K.L.:
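Attaching a single structure in structure tokens format; questions to follow.
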Amino acid sequence: MNPEKITLGKSYDPVPIEDKWYEVWRSEGLFKADPESPKPPFSIVIPPPNVTGSLHVGHALDNTLQDILCRTKRMQGYEVLWMPGTDHAGIATQNVVERSLAAQGVSRHDLGREAFVEKVWEWKEQYGSTIINQLKKLGASCDWERERFTMDEGLSSAVRKVFVDLYNKGLIYRGKYLINWCPRCHTALSDLEVEHEEKTGKFYEVAYRIVGEDGSIVVMTTRPETILGDTAIAVHPRDERNRHLIGKKVIVPVVDRVIPIIEDNMVDPEFGTGFVKITPAHDPNDFLVGQRHNLEQIQVIDDNGVMNEAAGKYQGMDRFEARDAIVEDLEKMGALMGVQDKVHSVGECYRCHSVIEPYLSEQWFVRAKPLADAGVAKTKSGEIDFVPDQWTGVYYQWMENIRDWCISRQLWWGHRIPAWYCDTCGELIVAMEAPKACPKCGETHLRQDEDVLDTWFSSALWPFSTMGWPEKTKLLEKFYPTSVLVTGFDIIFFWVARMIMFGLEFMDGEVPFHDVYIHALVRDEKGQKMSKSKGNVIDPLTIVAEYGADAMRLTFAALTVQGRDIFLSKERIGTYRLFMNKLWNASRFALMNLEDAEAGQKWDDKDLLLHDKWILNRLSQVTEEMTQLMDGYYFGESARLMYDFVWGEVCDWYLELSKPALRGDEGEARRKSTQAVLLAVFEDTLKLLHPTIPFVTEELWQAFPFGTGIIERTSWPKPRLDNIDEKTLSDMDFVMDIIRVIRNLRAEARIAPQQPIPRVAIMAHTAEASSLLKETESQIKLLTKVEEINLFAAGAAKPERSLTTILDGVEVYMPVGDLLDVEKEVQRMKADLAKLQKDIEKGREKLANPQFVDRAPEEIISKEKATLADNESKFERISENLKSLTE
RNA sequence: GGGCGAUUAGUUCAGAGGUAGAACGCUUCCUUGACACGGAAGAGGUCAGAAGUUCAAUUCUUCUAUCGCCCACCA
């Protein structure tokens, strides 16, 4: 694909590179999933974004994580299907189109149903792919040719089939119940679509006169307007205070209706006065009481939230207006006994935040209990795993207390319910296609149900409807059940739980996915939920344009820690963008030194120095760790591991140490072997980083000698070394310590970084340390700009007028002659001694404690002993030096 | 009412039963042949509070406080 090797500019500019490679990947068919492939399957279905949406950071995070998984699995030899698509989003889309019509002074009723739906389709064609195009900017590697929409013909017929089957199994029913009604959206909502908000309202005490007696009873209500629909007063059967009144009658104030006092267990006899007004048509509790006692249901509020003819003089008033008016009237007539402030939760529409009205109407429901039970059983048996595990409990809690699901919506945009009524004989026909005639009476004029289905009904089928169900497709056979579902916790109930229920029911008991990875919610830097209405939305596309998609992806990955929300800020992304530049420049450096190198070039073990062996050991460790981290969805840890490895080890140490060899200062054999090590380090590192930052790694990959073909078509790296050599690692740690100490002394002595230090003396207490220092002398000199290192054995004369640092096993002396600020050096030593003194005391105390010596594991004790010995020896040596300095 | 999570450096956040880490910010020095979108060195923390378990707790348990979220038919 790129016969000419790419030359890299001095700094990384993401924009042209990202567009270029995305196009190459697509045209090369990298994202295509082949159901006939012999490779093992890995599949993800995208949580379909709403067609109304434009990409927000939540989508960006969600899809970045999915993309990282898909790309990793491709490299690991899986046949990957990432199924893309969008959701028709009933209420949201209808609202958007209605708003745009309203701007032209047109209502949907002016157009009529058919024309309106036509408009929505037009809108969808025009704007519905916005979000899909935005996803591509992030690098999402979906199999775009398979893109689906929840109202595609195929998916729509899947919806009808599911509906009909559930109806025939008795798992869908129709009936007149009290449901959540949004008077603004003019539709029923499921319980989940109601958001509860704690609000301070008024608690009114209202007197009802007892019929035929002087007295009255007092009830409490937060919604006085519902008094008009009262059809009973309830008392707990064992309420000592009030049960003598059961069976008597009272008069509803304002409307003067006579209603009975009944007994019912739902009343808490301790609460308030012990009397509860019962309004079966306007309160869910009261509705149940009404059913038990066969009470009349009097509706006083209509579907617009306006008082109806049954409300008498209040007819035509808005429900809240009527509340005030009734309170005023009650007060006038002396029936208002008191008003208190009361904090209670108020239900709001999750789309428009209007106050929800419990409303009595004919609706369709899914009998959820049997479906939920199956879901719980499959999860308990371990076929579905939630990650992190804490969400399992949340899911169980909801599933185990599930209530029937109201699925009918009084909207025009959505899957129309496949039910027809025969007005002649009253027959109800539920079928996939419109029936020609009533099977009972033969009437040909049938009326289809006006309602559409809850959007989440079709989303629940997504994992199999997108793969062609109910046909037995190759796609289903290969890729269902999907491997993992990646989503936010906010839709566990809306979507995850329902996919599990429907998946099990319609896919012969096969789960829709094995793992559910629940990620954080992205909030703004103040920790607020981002939302269009709050205007605190960070637009991912702006970020991509400004920082590059890779920077944003790495930021998401790094911030994704299991079980915690992400507070995103631009500064944060800026930090991770710097990493791209670092990687870019490290690669440039490598490439400058690899001009005559070849892919597959081998090193000779005898030509490797300590730092070469060290980086190969570290590379092997990192490769192994990365493989495990990706397997366990540890995105944050994996991103940080790579960040630290590349920046803190490869760049800060290895590249610096490799410079002389690459220049040829150490001979041709060393140069060739170092090149080989460099090739190995970059080859594996770029691969390990690729799933997270695909664009920059692809560009760099192409520039290296090993970069033939697309990086993602290569294989995930294996550790280069079979065994990690611990001694190499600890030796290198020792050398790095020495270098840091010398640099530290340099800074202490205020010697500028570029100014060479003529001489440093190191006293080695062991032969081992001595030989290691000899072996690495030139590396130490290189990184400290020391011209000469004098090694001397313990007991030999120490250099005079030196800055000193004492380490385990060695003492480092930097002679500074007259520059030595004796007073300052004494202060420093004294501070060190004080610290050591403390540590020594602590250590002695510990080792003198018989409990510790008895019970602590052997290795801890010996470690403690060694530390103490080191500290004591250091203490002694520093004291000695201090003495000689002050003499 | 039930449940979950958080509390660690000035800030944003990692982390582990054995003496605390990163990034940003801050201080000092440095345009050295990959990178100033950089390098080196440094300051900065009673790991919210209390009790318990343990040889050992910042890490495990319980309680408390503060903050946040979810669920619930509180009339």
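Since we're looking at a predicted model, the values are computed, not measured.
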K.L.:
Taking the nucleotide of RNA chain B with the closest heavy atom to each, which residue, R746(A) or V853(A), is nearer the 5' end?
P.N.:
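Here R746(A) is the residue nearer the 5' end.
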K.L.:
Give the nucleotide from the list A75(B), C73(B), G42(B) with an atom nearest to the side chain of N285(A).
P.N.:
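Of the options given, the side chain of N285(A) lies nearest C73(B).
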K.L.:
Measure from the side-chain heavy atoms of A856(A) and tell me the nearest of G18(B), C74(B), C30(B).
P.N.:
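Between G18(B), C74(B), C30(B), the one nearest the side chain of A856(A) would be G18(B).
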K.L.:
Does this structure show an ion pair linking K842(A) with D839(A), if we count only N-O contacts that are shorter than 4.0 Å?
P.N.:
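Looking at D839(A) together with K842(A), the answer is no, because their closest N to O distance does not fall below 4.0 Å.
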K.L.:
Between E825(A) and R828(A), is the closest basic N to carboxylate O distance under 4.0 Å?
P.N.:
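The answer is yes: the pair qualifies as a salt bridge.
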K.L.:
For Y395(A) and W391(A), I'd like to know if the aromatic rings sit close, meaning centre-to-centre distance below 6.0 Å.
P.N.:
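Centroid separation for Y395(A) and W391(A): 6.0 Å or greater.
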K.L.:
Quick one: which of Y654(A), F704(A), W584(A) gives a ring pair (Phe, Tyr, Trp, His ring centres under 6.0 Å) with F682(A)?
P.N.:
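Among Y654(A), F704(A), W584(A), the one that satisfies the ring pair (Phe, Tyr, Trp, His ring centres under 6.0 Å) with F682(A) is F704(A).
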K.L.:
Quick check: any donor-acceptor pair below 3.5 Å linking the side-chain of K785(A) to the base of U32(B)?
P.N.:
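Under the 3.5 Å cut-off, the side chain and the base do not form any donor-acceptor pair.
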K.L.:
Given C30(B), C74(B), C13(B), identify the nucleotide with an atom nearest to the side chain of R572(A).
P.N.:
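Looking only at side-chain atoms, R572(A) lies closest to C13(B).
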K.L.:
Classify P857(A) by what it touches in the nucleic acid, base, sugar-phosphate, or nothing, heavy-atom distance under 4.0 Å.
P.N.:
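Result for P857(A) = base.
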K.L.:
Can you see if the side chain of R403(A) gets near the phosphate of C73(B) - specifically, an N or O under 4.0 Å from OP1 or OP2?
P.N.:
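For C73(B), OP1 or OP2 has a side-chain N or O of R403(A) closer than 4.0 Å.
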K.L.:
Looking at K582(A), does any N or O in its side chain come under 4.0 Å of the phosphate oxygens OP1/OP2 on G39(B)?
P.N.:
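True: K582(A) side-chain N/O within range (under 4.0 Å) of G39(B) OP1/OP2.
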K.L.:
Output the single nucleotide from A34(B), A75(B), G18(B) whose closest atom is nearest the side chain of L655(A).
P.N.:
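So the nucleotide nearest the side chain must be A34(B).
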K.L.:
May I ask which nucleotide in the shown strands pairs with G38(B), Watson-Crick or G-U wobble, both distances under 3.5 Å?
P.N.:
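Check on G38(B): paired to C30(B), both distances under 3.5 Å.
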K.L.:
Across all strands shown, which nucleotide pairs with C4(B) by Watson-Crick or G-U wobble geometry, both distances under 3.5 Å?
P.N.:
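WC or wobble partner is G68(B).
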K.L.:
Between the side-chain atoms of E656(A) and the base atoms of A34(B), is any donor-acceptor pair under 3.5 Å?
P.N.:
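It does, because a donor-acceptor pair links the side chain of E656(A) to the base of A34(B) below 3.5 Å.
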K.L.:
So for atom CE, which belongs to M337(A), do other residues, nucleotides or ligands contribute more than 12 heavy atoms lying within a distance under 6.0 Å?
P.N.:
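No, because the 6.0 Å sphere around CE of M337(A) holds 12 heavy atoms or fewer from other groups.
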K.L.:
For RNA chain B, whose closest nucleotide is more 5', that of N849(A) or that of A586(A)?
P.N.:
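Looking at the nearest nucleotide for each, A586(A) comes out on the 5' side.
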K.L.:
Look at the side chain of T575(A) and decide which nucleotide, out of C37(B), A23(B), A75(B), has an atom nearest to it.
P.N.:
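Side chain of T575(A) sits closest to A23(B).
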